[in-house]
Amino acid sequence: MTGQVRTVDGRVAGRRGQETRQKLLDCLSEMLSSSPYRDVKVIDVARKAGTSPATFYQYFPDVEGAVLELAEQTAAESGGLAELLEGRSWAGKSAWQTAQELVDGFLEFWRKNDAILRVVDLGAAEGDKRFYKIRMKVLNSVNNSLADSVAALQAKGRIDKDVNPAAIAGSLVTMLAAAASHQKGFSSWGVKQAELKPSLALLVHLGVTGKKPAK
């Protein structure tokens, strides 16, 4: 945890206070994995963390405030997704490897943060600008780098000059996000996880390069 952590009334939290605050967030995150967001109550989070509702309210105004803090932490961690595209090649066989590793990393990130990302998606869909902003921060961690990759290929004459890099990148990233949030549902269509990844990687490769992978 970086920077000063403050209580709701503006006091700087000490080491033990920071540990208590993080424990509350960890317990809330665990509860979101098994309970609908709006069913989670302050008293339940506090009890799970071995503390009192009064202590919870020292650090967060309500459950939604704590959820937003979790979402912000997740958005900050999503910056690591950009590394999946940093300095990577979209030429020849390297392009297929780049596409596969992007899909693998994206799906893994979504699996790890599934509970809080579901809440973020819900809030964004309902028009809450705070959750929308967080969702865009997560998607932009990949979208911006992907758009740059498409633009670079376009500048070298490898893809059609009429292609809009931002449109291609945005389409691919929203596709990945939708597929990532539906990972468990693919099994009902008879699709195994091992089959999903190469299928998504193929679509990403086609979208970026306009060509089938050179395997």
dist L81:CG -> F109:CZ (nearest 0.5 Å) comes out at 5.5 Å

dist M31:CE -> K48:NZ (nearest 0.5 Å) comes out at 7.0 Å

Separation between OG1 of T74 and NZ of K137, rounded to the nearest 0.5 Å:
10.5 Å

Can you name the nearest heavy-atom pair linking G92 to H205, along with the distance?
O-NE2, 4.5 Å

May I ask you to decide if L32's main-chain N or O and S35's side chain share a donor-acceptor pair within less than 3.5 Å?
no

Return the minimal non-hydrogen interatomic distance between P165 and V150, and the atom names on each side.
CA-CG1, 3.7 Å

Without swapping roles, check the side chain of S188 against the backbone of G185 for a donor-acceptor pair under 3.5 Å.
yes

Sequence neighbours excluded, which residues qualify as side chain to side chain donor-acceptor pair (under 3.5 Å) partners of K23?
none

Write down the atom of I116, the atom of L70, and the distance for their closest heavy-atom approach.
CD1-CB, 3.8 Å

Partners of E101 by salt bridge (charged side-chain N to carboxylate O under 4.0 Å, His left out), sequence neighbours excluded?
R88

Check whether S29 reaches the backbone of L25 with its side chain - one donor and one acceptor, N or O, closer than 3.5 Å.
no

Checking S78 side chain against A75 main chain: does a donor-acceptor pair fall under 3.5 Å?
yes

Under 4.5 Å between any side-chain heavy atoms of V204 and M175, yes or no?
yes

Taking CZ in F186 as the centre, count heavy atoms belonging to other residues, nucleotides or ligands within less than 6.0 Å. Is the count above 12?
yes

Rounded to the nearest 0.5 Å, what separates atom CG in L24 from atom OG1 in T55?
7.5 Å

Verdict with reasoning, Q58 to T20, per side-chain contact (heavy atoms from CB on, under 4.5 Å):
CA-CA 10 Å; Q58 283 183 30; T20 298; over 6 Å; no

V208 to I159 - nearest heavy-atom pair and separation
O-CG2, 3.7 Å

Straight-line distance of D62 CG to F56 CZ, nearest 0.5 Å:
7.0 Å

If I take atom CE from residue M136 and atom OG from residue S141, how far apart are they, to the nearest 0.5 angstrom?
10.5 Å

For G207 and I168 the tightest heavy-atom approach is O-CG2, 3.3 Å

Between W96 and T209, is there a side-chain heavy-atom distance shorter than 4.5 Å?
no

Side-chain heavy atoms under 4.5 angstrom apart, residues restricted to Ile, Leu, Val, Met, Phe, Trp, Tyr: same cluster for W189 and L176?
yes

Does Q183 use its side chain to pair, donor to acceptor, with the backbone of A180 at less than 3.5 Å?
yes

Contact check, side chains of F131 and D121, non-hydrogen atoms, under 4.5 Å
no

Can you check whether L139's main-chain N or O pairs, donor with acceptor, with N143's side chain at less than 3.5 Å?
no

For A49 against C27, the heavy-atom pair lying closest together
CA-SG, 3.6 Å

Whether the side chain of T98 engages the backbone of S89 through a donor-acceptor N/O pair (distance < 3.5 Å, no angle test) should be reported.
yes

So, do I134 and E72 sit near enough that their side-chain heavy atoms are less than 4.5 Å apart?
yes

Is it true that R118 and D114 have a side-chain N and a carboxylate O under 4.0 angstrom from each other?
yes

N113 vs E77 side-chain heavy atoms within contact, under 4.5 Å:
yes

Check: Q22 and E19 side chains under 4.5 Å, non-hydrogen atoms
no

